[in-house]
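All remarks here apply to the structure that follows.
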Amino acid sequence: MILLILGVVGTLIFGIQAIQDSESFSFLGMDIAVSTANWTPVIVSVVLLVIGGIMMGAGSKKLT
C-alpha cells in the first residue's frame with residue numbers, strides 16, 4: 001500500500017515538474033518544444049506505482 005501511494009504522489013509531483021521544464025521556440029513559423037527535464041524520477045515513481053499495484057493485487061487474492 002505504501003509503494004502504491006508513493007508511486008502515485010511521486011508520479012504526479014515529478015510529472016508536473018518535468019512538464020514545466022520544457023522550453024519552446026519558433027522556427028520557420030512552427031512552435032517547437034524541447035524538454036530539458038530529468039525523466040528518471042518520473043520513471044522510478046511509475047515503477048513504484050506498478051510494483052505497489054501488483055503487490056496489492058497479489059495480497060488481495062491471498063486473502064480471498
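Hydrophobic clustering (side-chain heavy atoms under 4.5 Å, transitive across Ile, Leu, Val, Met, Phe, Trp, Tyr) keeps I16 apart from I19.
When L12, I5, T11 are each tested for a side chain to side chain contact (heavy atoms under 4.5 Å, CB included) with V8, only one passes: L12.
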Compile the donor-acceptor pairs under 3.5 Å between side chains in residues 39-57 and protein atoms, sequence neighbours left out, one pair per line.
| residue | atom | partner | partner atom | Å |
| --- | --- | --- | --- | --- |
| W39 | NE1 | S35 | OG | 3.3 |
| T40 | OG1 | N38 | OD1 | 3.2 |
| S45 | OG | P41 | O | 2.9 |

